[in-house]
Amino acid sequence: MTYPNLFSPLQVGAHTLRNRVVHTATVSGYGASTRPTQRLIDYHQARAAGGTAMIVTELMPVHHTSLANPFLVSVYDEDNLDLFKRWAEAVEGEDCRLVGQLGHVGRQQLWSPLTTPVSASAMPDPLSWTVPHKMTLSEVEEIIESFVVAAERLQRAGFSGVELHGAHGYLLTQFMSPFSNDRDDKYGGDRLRRLAFVREMISSIRERCGIGFMMGLKMPCDEGVAGGITPEEAEEIVKIFVAEGGLDYFAFSQGNFSPSLENHLPDMHFSMRPYQHLHARMKKLCRDIPVMTLGRIESPAAAEQLLAEGCGDLVGFSRALVSDAAWANKAKDGSEGNIRPCIYCNYCWGEIHAGRGMTCVHNPELAEPHEIDWQPAPAKVARHIAVIGGGVAGLEAAWIAAARGHKVDLFCSSTELGGGALWESRLPGRADIAEAIAFQLARTNEAGVVFHLGQRVTAAEIAALKPDEVILATGATSTWPSSLVAGAEARDLRSATLDLLTSDTPRGGTAVLFDQDHSAAIYAAAELFAARFQRTIIMTPRAAIGSKVNFISQLGVFRRLASLRIETVPLSLPRALANGRLTYRNALNGDESEIGDIACLAYATPREVDEKLSAELGVFGLNVQAIGDCRAPRNMAAAIHEGHAAGLSC
Ligand SMILES: Cc1cc2nc3c(=O)[nH]c(=O)nc-3n(C[C@H](O)[C@H](O)[C@H](O)COP(=O)(O)O)c2cc1C
């Protein structure tokens, strides 16, 4: 076996796990009206069937004061018992332990302004500035009891255990951390009293559920804020929990709800496995209690190495298992090359934060009932399909259509495949995007797609091939900024970066990037500008930038721009550029200002579709389907999902 540590069994409490792969808690947004749904159960069952040894559910609120959004499953509701039973049967039936994550959001009310936020203190939440109600002693006791009752309920339903969500700045962290607990009663003051809330919870659950019921604690080893839980403080906390007993495992995850939020989900700009050293440090104190290491673990080999190097006993994955339900089976049976890799774009988190069901940028079959062994169904009649465009929409359509038995020819004007995604993958910090393209290329090669690269194909040439269907995926291009006088020396962002990518010669002067796009690629391009020009300015007609970067990754964008001293000029539109001086106008009051020493003006404006080829193909009477940006310019997820659907429809 290639990964002997990863696929060795482990005793966790009274349970033996078949291997070390754990799906960490992941809010899916698949619940409805506070109940688990079949979609949520299907999502977990697929991962259980895919070889995962243990699944921790998403955060389930234990009390009505924590019900932030009705798509979260209320574990305090006895009416959910039968659904909990169905959920447990589906997962446990696949030899996978189902563990319910019990939590309370406390002052971190993301979604529900009408629910009273509660906390250990009345100190405001540092990110949202929500000011909570400081719980009375009896209210604290009521919440502790609600955790215990919830654990008992899940035990009756057939769950193997519970995980207490003490990380990410939620209520348990709010009690444990000096950063958020200024009480002077039995639940605050010194360390032992700050921990009393969690210690009482652990001992009561153990007492009422017995030793056969697994109980884990997810907690930070670095809250990432001054005055919060530091690694040193985490060590002292761990020593206390280990000495008192009751816990069957620890999971360690960083950050709280402050500008350290981005540390919950290290995105593609982070190094791989950024917290492994912290986990190794905690593990030394945990004696024989298993430790779960987690966070941007990119491959089975990396997971194996973490186990071998003593960073953990269990390896937790959230996003990698969202991308591929069969991650564990593929790693075990030697077909890890078929794993659809997570690209750590955090699109999944962005979607649930926006109140929608979880979606993966390049796993369109996510949470469908057949997800685990999904293969494109063979076409009834094999046809000839011409795909024009080698970006991620065209590649997706091509491999799906070819895998269904169609003869597929793909035409791409560039000699390189990947289109806009390939460009983005070359910008600072965006390299993981290339993994999604590589996955598609492997599938196109397996399926026998024939490539015609490096020439702009004409409608007549396509017509001469007599394809049964044409899939058009030629993308879209930025338009000239409507506020800018014609003929000014400005370039669209993509072409402006191409020179900068081929040479790292310093350019001097000021670069202005006019941003009407607001996606993560724009700010990565700004980082590239900052590495070449003396001064970089992002100008936008909006009041702020980054509106299309998912909430959790936005902080990282702002942090990098700030550290590179990249300036932002909001509510502004470029007017004219002459003699190195850019005149721009306030978008609301029309006042004009100037910036001098301009060496580069680049724009990322709304994109337009070139309809010419589509019209010409129509003249030949060809059956044409436009997908992705050339249907309507959007993002990578839309391009891939639409390509997927097109491949299935032909
Ligand atoms: C969409 C999404 C929802 C999440 N929801 C939770 C949650 O409910 N509880 C929790 O403890 N962690 C949650 N997490 C964090 C993960 O459990 C995990 O700690 C984090 O994603 C790092 O692991 P990864 O790099 O394998 O994704 C969530 C992560 C994602 C991507």
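All heavy atoms count here, side chains included; hydrogens, waters and symmetry mates do not. Both counts, for ligands and for their atoms, begin at 1 and track the order of listing.
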Check D82 with R35, please: is the shortest side-chain N to carboxylate O separation under 4.0 Å?
no
Just distances here: any N/O of R319 and N/O of ligand 1 closer than 3.5 Å?
yes
For ligand 1, which atoms have a heavy atom of T24 less than 4.0 angstrom away?
16 (C), 17 (O), 18 (C)
Within 4.0 Å of some non-hydrogen atom of L59, the atoms of ligand 1 are 8 (O)
Among all the protein's non-hydrogen atoms, which is closest to atom 26 (O) of ligand 1, and how far away is it?
S318 N, 2.8 Å
Aromatic ring centroids of F175 and H104 under 6.0 Å?
no
Per-atom contacts, ligand 1 versus H264 - under 4.0 Å to a heavy atom:
20 (C), 22 (C)
If you measure from the Lys or Arg side-chain nitrogens to the Asp or Glu carboxylate oxygens, is any gap between R194 and E233 under 4.0 Å?
yes
Any chance the side chains of D222 and Q254 put a donor and an acceptor closer than 3.5 Å?
no
What atoms of ligand 1 come within less than 4.0 Å of a heavy atom belonging to C348?
31 (C)
Considering only non-hydrogen protein atoms, determine which one is nearest to atom 19 (O) of ligand 1 and report residue, atom name and distance to 0.1 Å.
K218 NZ, 3.0 Å
Is any N or O atom of F317, backbone or side chain, closer than 3.5 Å to an N or O atom of ligand 1?
no
Ignoring hydrogens, just give me the one of T293, V315, V27 whose non-hydrogen atom is nearest atom 8 (O) of ligand 1.
V27
Return the option from C360, S28, A25, S323 holding the heavy atom at the smallest distance from atom 13 (C) of ligand 1.
A25
Report, in ascending order of atom number, the atoms of ligand 1 lying under 4.0 Å from any heavy atom of R296.
24 (P), 25 (O)
Is there a polar contact, in the sense of an N or O pair closer than 3.5 Å, between H165 and ligand 1?
yes
We want to know whether N363 and E371 form a side-chain donor-acceptor pair, criterion being a heavy-atom distance below 3.5 angstrom.
yes
Measure from NZ or CZ of R153 to the centre of the six-membered ring of F84 and say whether it is under 6.0 Å with the direction within 45° of the ring axis.
no
Using heavy atoms and a threshold below 4.0 Å, how should the contact between L294 and ligand 1 be classified: side chain, backbone, both, or neither?
side chain
Any Lys/Arg nitrogen of E304 or R20 sitting under 4.0 Å from an Asp/Glu carboxylate oxygen of the other?
no
Between ligand 1 and A320, can you find any atom pair, the residue atom being a heavy atom, that is separated by under 4.0 Å?
no
With heavy atoms of S253 as the reference, note each atom of ligand 1 found under 4.0 Å away.
19 (O)
Does a salt bridge link E78 with R156, judged by any charged N lying under 4.0 Å from a carboxylate O?
yes
Quick one: does A167 get a heavy atom under 4.0 Å from ligand 1?
no
Quick one: nearest non-hydrogen protein atom to atom 9 (N) of ligand 1, plus distance?
Q101 OE1, 2.8 Å
Taking the side chain from R107 and the backbone from M123, do they hold a donor-acceptor pair closer than 3.5 Å?
yes
Looking at E89 and R86, is there a salt bridge between them, counting it only when a charged N and a carboxylate O are closer than 4.0 Å?
no
Salt-bridged, E94 to R47, with N to O below 4.0 Å?
no
